[in-house]
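Treat the numbers as computed from the prediction; the structure is a model and nothing was measured. The sequence lines fix the lettering, A, B, ..., with proteins before strands; numbering per chain opens at 1.
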2 protein chains.
Amino acid sequence: MVTSKRGSKDLIRAINYSIILNKIKEIGPVSRAELAKVTGLSSATLTGISAQIIADGLIFEKEMGESKGGRKPILLALNPSGGYAVGIKLTENTLIGVLVNFVGEIIERYNMKLVSKTPESVADLIGNLTEELIKRSQVPKDKLLGVGVGAAGLVDFDRGMLITSPFFRWRNVPFSQLVQNRVGVKTYVDNDVNTLMVAEQLFGAGQNLEHFITITIGRGLGMGIVVNGQIYRGVKSAGEFGHITVHSNGRQCACGKRGCLETLVSDEGLLISGREVCSEPVDSVDDLLQLAESDHNNAQNVFAQAGTLLGAQIANLITVLSPMRIIIGGEGVRFGDWIFKPMHQTIKENIMPYQGEATEVVVEPWGDDRWAVGAACLVLGEFVKSPLYRNSSYD
Amino acid sequence: MVTSKRGSKDLIRAINYSIILNKIKEIGPVSRAELAKVTGLSSATLTGISAQIIADGLIFEKEMGESKGGRKPILLALNPSGGYAVGIKLTENTLIGVLVNFVGEIIERYNMKLVSKTPESVADLIGNLTEELIKRSQVPKDKLLGVGVGAAGLVDFDRGMLITSPFFRWRNVPFSQLVQNRVGVKTYVDNDVNTLMVAEQLFGAGQNLEHFITITIGRGLGMGIVVNGQIYRGVKSAGEFGHITVHSNGRQCACGKRGCLETLVSDEGLLISGREVCSEPVDSVDDLLQLAESDHNNAQNVFAQAGTLLGAQIANLITVLSPMRIIIGGEGVRFGDWIFKPMHQTIKENIMPYQGEATEVVVEPWGDDRWAVGAACLVLGEFVKSPLYRNSSYD
DNA sequence: AACTTTCTTTATTTAGTGAATTAACTTATT
DNA sequence: AATAAGTTAATTCACTAAATAAAGAAAGTT
């Protein structure tokens, strides 16, 4: 009723191209014959389209398979060096950069300190960082498929606009355009949680899931939603999970409201709670974590209460959205059982008996370059995504 | 990444057929030339496909338009008598039936009392009701496009299964198949909130909205979600809004949990709350409503508190999902400002300053046959829906 | 009579398909 | 071991159908 991408030969091609590419990613290495079987396409079509994807460099004839009593199958697989993407996480003072290959493996890492914080100078520095990554990795420049940038704040992905940016006080900056002008390749900008989610979707715990949710715990409390294999963005930035109201007269939040979940479950929220109940000096959440691990009861309770609150809200999320999986990530993953044990317990107590059990809640191990890898996956995603969900046209 | 409907000539045709049919529904009566312009299809294609839709009886050449300095345009419009659908709402003791035309207008109404409550006898009675509706309306039988059934409880739409049914204690009943065998036309079964939502989507406040949410207040507290123009169902029945936990030690709910929103905001919830605070006899929510309207302070507070609770949860919903619109319907709409004024107030106080304002919350006027009309719209929706979102295949 | 706008017809292009063909094996038989 | 028969994989080819551009017909206005 809303979709209006019109049917054309190019669309057919693009759809089938994408189906085949995705199946190879999913079950490859795999023969053309097998692909024809699982996709329902004819073997003739498979010959044609696979030739095209090979010409595009995205897949290659990797090896011969075992014979099943006849000619040996030629197994097709994603070509790791078929293309590369640069991913950059924008933080308050630093650009964290990675260069990944077509299967999401990190080839090169490099960070740069921000000196000036105007949009132009940050875009320029991203250009420098991109060039540095390419130089160090010795990847041919024309194999760079694009640059992805992940940033905190409200982002209009389709227009590549940073609507608000907490660190820089920018407003409605057409950032992807700025970067694209500098680097000369297609550039995507998205909210950092969404970048992380795309990484999970392509190469992580979100693979082949129609619906899943990602929640990140760290400086803030973020959330991303995938519905029918595509990121759901709502009219204006869906997924502001951290700004759910849990206490109508709670702590003041930076968003302007009071009692947001984030004022209790986030680095700063935990820190404040910790200082309220600990007589020891608590300079950071890591201090608080240390206290908890050295058997400090009040510190443990701070994490436990945060976990309980988080669990209650996640349970409600499950009740309303019934996702296949909820993936928890972010720097806060290091709080471990102190927070996640009570969280799981509370989820269990608050979901519906039959309906809620269908959702799996997993805490993913965390690595510091995850944000940046996610940003790079924005680029890769555009190649793997179904054309129906893509912004770019093809006719 | 998930979608796998393969590209074929039939798919192109089906997509463009659907685009044109929808555009005519949206902006018709409209000329072929204008349709070509807004859809991006060639005029030749428009000639071909419009001829086909006319042959199918779904549109017709309604009238001539004004000349703009050349040949007068022939305006195409949906054909109200292009097809008819029967919609049935399953309640505890009664079948509420309507027959609607292709543009959703009610042609005939009829109800039947349930005598036996086995799946087979209910399916049989639906057959009788369908035949009665057709007889009375004098609609030619071959113009009946299908039968839609709306039921409370958990429904597996794709399989047409009633997983659980609160009124009848059925379990995993393949109900659409049972009815289809009896009536001989395509039959769809869905949760009643979803049927209502499809009606809003096709002919009501949800037209041309990519994302919106429907909330129904009545015997229960239901919710439906439309994302990208399609109903979002989750893994297991998304939208159990009534079973969000609001008080961890609250009232016992029929679902097995405690403190569900529904135990406070629903006919029964209001009734219990009313009895707790009113000395007068309160036999039904309508008694309570009467008391409120005759200036009974405690009764008014019962509604106000329910409205506040509801508003707080809707605000959180907006924060997380950022839908374009939230449509509130159901029998509870008659509580009017007693409940909706505090609801709106609380929503306002609890949404995020910038993000939340993008969502509009509307209370729709209620009619008793809405449920049944919605069920009929399940059938019509299958004709208007984009083939990409449809279950049925076409090759 | 000249111009416009709407709609249809015609020839062309192109993507998928089934059937036939070629390629490259394994297995049974002599 | 040599050969034939059978299998599976991949490609080639003729065919079909849907969109399209371009040309033409229809029906107006100026």
Side-chain angles (χ1 to χ4, degrees), chain A residues 4-21 24 28-55 59-77 387 393-395, chain B residues 4-21 24 28-55 59-77 387 393-395:
Chain A
S4 57
K5 192 149 272 186
R6 71 175 201 276
S8 67
K9 280 165 208 145
D10 294 321
L11 181 65
I12 296 192
R13 223 326 133 76
I15 290 175
N16 290 336
Y17 187 109
S18 167
I19 290 174
I20 293 172
L21 185 56
I24 293 173
V30 58
S31 71
R32 292 170 176 83
E34 179 69 16
L35 284 169
K37 214 178 288 169
V38 298
T39 61
L41 293 162
S42 72
S43 52
T45 301
L46 250 125
T47 294
I49 294 185
S50 61
Q52 193 179 322
I53 312 182
I54 289 172
I59 60 169
F60 71 123
E61 297 188 333
K62 193 179 184 187
E63 57 198 339
M64 305 298 274
E66 288 299 294
S67 163
K68 287 182 208 156
R71 177 175 172 174
K72 281 184 182 169
I74 306 167
L75 302 186
L76 302 171
S393 56
Y394 25 59
D395 53 359
Chain B
S4 57
K5 188 149 276 181
R6 72 176 199 274
S8 67
K9 281 167 208 141
D10 293 323
L11 182 63
I12 295 191
R13 218 341 139 55
I15 289 175
N16 290 335
Y17 187 109
S18 167
I19 289 174
I20 293 173
L21 185 56
I24 293 173
V30 59
S31 71
R32 292 170 176 84
E34 179 68 18
L35 284 169
K37 213 177 290 169
V38 297
T39 60
L41 293 162
S42 72
S43 52
T45 301
L46 249 125
T47 294
I49 294 185
S50 61
Q52 193 179 322
I53 312 182
I54 290 172
I59 60 169
F60 70 123
E61 298 188 333
K62 194 179 183 189
E63 57 198 337
M64 304 298 273
E66 288 299 293
S67 162
K68 287 182 208 157
R71 176 173 173 176
K72 282 184 183 169
I74 307 168
L75 303 185
L76 302 171
S393 56
Y394 25 59
D395 52 359

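Side chains of A/L75 and A/M64 form no contact here, defined as non-hydrogen atoms less than 4.5 Å apart. The side-chain heavy atoms of A/Q52 and A/R13, taken from C-beta on, include a pair separated by under 4.5 Å.
For A/G70 and A/R13, each mapped to the nucleotide of DNA chain C holding its nearest heavy atom, the one lying further toward the 5' end belongs to A/R13. Each of A/S43 and A/M64 lies near DNA chain C, and the nucleotide nearest A/S43 is the one positioned closer to the 5' end. In terms of position on DNA chain D, the residue among B/G40 and A/R71 whose nearest nucleotide sits closer to the 5' end is A/R71.
Using a distance-only test at 3.5 Å, with no hydrogens or angles considered, no donor-acceptor pair links the side chain of A/S18 to the main chain of A/A14. A distance-only check finds a donor-acceptor pair linking the side chain of A/T39 to the backbone of A/L35 [under 3.5 Å].
Within the nucleic acid shown, B/T45 comes within 4.0 Å of at least one base atom, counting heavy atoms only. Across all strands shown, B/L75 has no heavy atoms under 4.0 Å from either base or sugar-phosphate atoms. The residue A/A33 sits close only to the backbone: its heavy atoms come under 4.0 Å of sugar-phosphate atoms, none of a base. Counting any heavy atom pair closer than 4.0 Å across all strands shown, B/I74 reaches sugar-phosphate atoms only and no base atom. Looking at heavy-atom distances under 4.0 Å, B/S31 makes contact with sugar-phosphate atoms alone, never a base. As judged by a 4.0 angstrom heavy-atom cut-off over every strand, A/I49 is placed among residues touching the sugar-phosphate backbone only.
Distance NZ (B/K68) to C1' (C/dT6): 10 Å, rounded to an integer number of Å. The nearest whole Å value for the distance from the CD1 atom in A/I12 to the C1' atom in D/dT20 is 14 Å. As rounded to whole Å, 12 Å separates atom C1' of C/dA15 from atom CG of B/L11. As a whole-Å value, the separation of A/K37 NZ from D/dA10 P is 11 Å. Look at CD on B/Q52: it is 14 Å from C1' on D/dA19, rounded to the nearest Å. Atom NZ in B/K72 sits about 6 Å away from atom P in D/dT29, given to the nearest Å. Between the P atom of C/dG16 and the CD1 atom of A/I19 lies a distance of 10 Å, rounded to the nearest Å. The separation between A/E34 atom CD and D/dT8 atom P is 13 Å, rounded to whole Å.
If you check distances only, the side chain of A/K9 does reach the base of C/dT13 with a donor-acceptor pair under 3.5 Å.
At the phosphate of C/dA15, neither OP1 nor OP2 sits under 4.0 Å from any side-chain N or O atom of B/R6. OP1 or OP2 of D/dA19 has at least one side-chain nitrogen or oxygen of B/N16 nearer than 4.0 Å. Phosphate proximity of D/dT11 to A/T47: present, with a side-chain N or O under 4.0 Å from OP1 or OP2.
Out of D/dA19, C/dT17, D/dA9, the shortest distance to the side chain of A/P73 is found at D/dA9. For B/R32, counting side-chain heavy atoms from C-beta on, the closest listed nucleotide (D/dA10, C/dC7, C/dT26) is C/dC7.
With rounding to the nearest 0.5 Å, the separation of CG in B/L76 from CD1 in B/I53 is 8.5 Å.
A salt bridge links A/R32 with A/E61: at least one charged nitrogen is closer than 4.0 Å to a carboxylate oxygen.
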